[in-house]
2 protein chains.
Amino acid sequence: MMFPDTAAQNGPLNLNSKDHAQHEHSHGLFGPPGLLALPEPSSDNEGRQIPRKKQKRRLSREPGEDGDDRTREHPFIVTEPGEVARGKKNGLDYLFDLYEQCARFLDEVQQMARERGEKCPTKVTNQVFRHAKLKGASYINKPKMRHYVHCYALHCLDKDKSNFLRKQFKERGENVGAWRQACYFPLVDMARDNGWDIEGVFVRNEKLRIWYVPTKLRQLCHFEKSKDSDSCSYE
Amino acid sequence: MMFPDTAAQNGPLNLNSKDHAQHEHSHGLFGPPGLLALPEPSSDNEGRQIPRKKQKRRLSREPGEDGDDRTREHPFIVTEPGEVARGKKNGLDYLFDLYEQCARFLDEVQQMARERGEKCPTKVTNQVFRHAKLKGASYINKPKMRHYVHCYALHCLDKDKSNFLRKQFKERGENVGAWRQACYFPLVDMARDNGWDIEGVFVRNEKLRIWYVPTKLRQLCHFEKSKDSDSCSYE
DNA sequence: GTTTAATCCAATGGTTCCAA
DNA sequence: GTTTAAACCAATGGTTAGAA
């Protein structure tokens, strides 16, 4: 059971950041200390939604609307380790750094929960994403993070293989989607080597255990496992 | 870190059972083995509700309704260890046995989940309660089990203290509610002895770690903790 | 009054569907 | 076409209001 090296890249990961990037978490342990209310719990509970009128999915911005430029994040491109994406693109070191940022946001949420005597999440939950937004990390969102978890998993579990894959896919000029798909298969191999316990593979890794195993990866493992045992039974 | 003895009582715990009681879980590993469907997951997934018209809370049974006698369970009374409740009552050994039954139902759900490559619960979840119902254990339900978890916790963590409390409250002729309230305080003491980590107290115990820490107990611990630290600061 | 358990409800994990 | 992320939705943990 080895822990992959945790040394972080120190160079700028994102040249094109819209003023966000690596803001340090210098705030102390905030929140009012006087919270003895047993019958009425703290209620200051990380901005949970006040029940509001259900809002219909907005269909394309009306041309006359006020232009607060809520542009979306630049797309990822396949970069090799250490390489910074140029143009309106983000690189994979930056992608992986977002996962480490989430880990720090989870730490903060856990601290707060413990101080308040509330139940303490062990995983990156909706609450953590909400907290990240509140702390200004508007570039972090659930669908994005869930989409690439298994890529980050490979990065955590076998950095060499991960780095090799990145170089290979960059050379071939493959797009991010192709690289992302390719990340599944080394993980399936690792699951096989661990008695198909992909859950366990995640939980045993210090950095990974805060992430839910993606459904697709679990299903892939299940599928491959049954193929394996079939080929034992017949011929 | 000690594991309290796990020897089960063998005598009948419930003389008044309406045909349920201790049915053995002799069924093997059921479910069709041919479930290779990756894109379409098994869908046989333990009877999740088909979206149905919302049903209003029924206000008192209409006198003309067909009388399928869905009577409810007999109330618990405070019994001492080994004592069987007489009359239309259930004893506390029987109550604690329900928790052990839930643990076995969780085991079954976990088995099934692993076979199907689905995510595997570590706690007694809604799914487990649903499974228990499906297996005929209609006498198990979520509100009841949640209501008495901390009583079971004391039984698991300090059987002597738990037994003593039962005898004491029985002698005094206290009702179940009073006994239940009294169970909180030894647990708060144990939390104190463990750096106020009540979550940890639960998780470190083999039988308890499948149960969520009750909100009330967590709040009580938090409250007592802050009282303790206050009395350090002033005078 | 005490005790049980159906019902409700906001917040969740997970995904779809669309905008860019 | 690819990629992003707002919005959705069924199922959850937790509780309330009520029945026995």
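Basis for what follows: all heavy atoms, side chains included, without hydrogens, waters or symmetry-related copies. Each chain gets a letter, A, B and so on, in the order its sequence line appears, and its residues count up from 1.
Look at CD on A/Gln127: it is 7 Å from P on C/dT12, rounded to the nearest Å. For the pair B/Lys119 NZ and C/dG13 C1', the computed distance is 6 Å after rounding to whole Å. Between the NZ atom of A/Lys142 and the P atom of C/dT15 there is a distance of 10 Å, given to the nearest Å. If you take NZ of A/Lys123 and C1' of D/dT12, they are 17 Å apart, rounded to a whole angstrom. Taking atom CG of residue B/Asn90 and atom P of nucleotide C/dT4, one finds them 9 Å apart after rounding to whole Å. Here C/dT2 presents its P atom at 11 Å from CD of B/Gln181, a figure rounded to the nearest Å. For the pair B/Glu73 CD and C/dA6 P, the computed distance is 10 Å after rounding to whole Å.
Closest contact between the side chain of B/Val176 and the listed nucleotides D/dT3, C/dG14, C/dT3 involves C/dT3. Distance from the side chain of B/Tyr212 is smallest to D/dG14 among D/dT12, D/dG14, C/dA11. Closest to the side chain of A/Pro143, from the set C/dT3, D/dA6, C/dG13, is D/dA6. Among the nucleotides D/dG14, D/dA5, D/dT2, the one closest to any side-chain atom of B/Thr215 is D/dG14.
Proximity of B/Asn126 to the phosphate of D/dA11: no side-chain N or O atom is located under 4.0 Å from OP1 or OP2. At the phosphate of D/dA5, OP1 or OP2 sits under 4.0 Å from a side-chain N or O atom of A/Lys144. Contact check, A/Arg130 against C/dT12: a side-chain N or O comes under 4.0 Å of OP1 or OP2. Of the side-chain N and O atoms in B/Thr71, none sit less than 4.0 angstrom from OP1 or OP2 of D/dA20. Listed pair B/Tyr148 / C/dT3 fails the phosphate criterion, with no side-chain N or O lying under 4.0 Å from OP1 or OP2.
Between A/Lys119 and B/Glu199 no salt bridge is recorded (no basic side-chain N to carboxylate O distance below 4.0 Å). Salt-bridge check for B/Arg218 with A/Glu118: failed, with every basic side-chain N at 4.0 Å or more from each acidic carboxylate O. Here B/Glu80 pairs with B/Lys170 in a salt bridge; the nearest charged N to carboxylate O distance falls below 4.0 Å.
A side-chain donor-acceptor contact under 3.5 Å links A/His150 to the backbone of A/Arg180.
Counting only heavy atoms from C-beta outward, the side chains of B/Arg166 and B/Thr79 approach each other to under 4.5 Å.
A donor-acceptor contact under 3.5 Å is formed by the side chain of B/Arg72 with the base of C/dT3.
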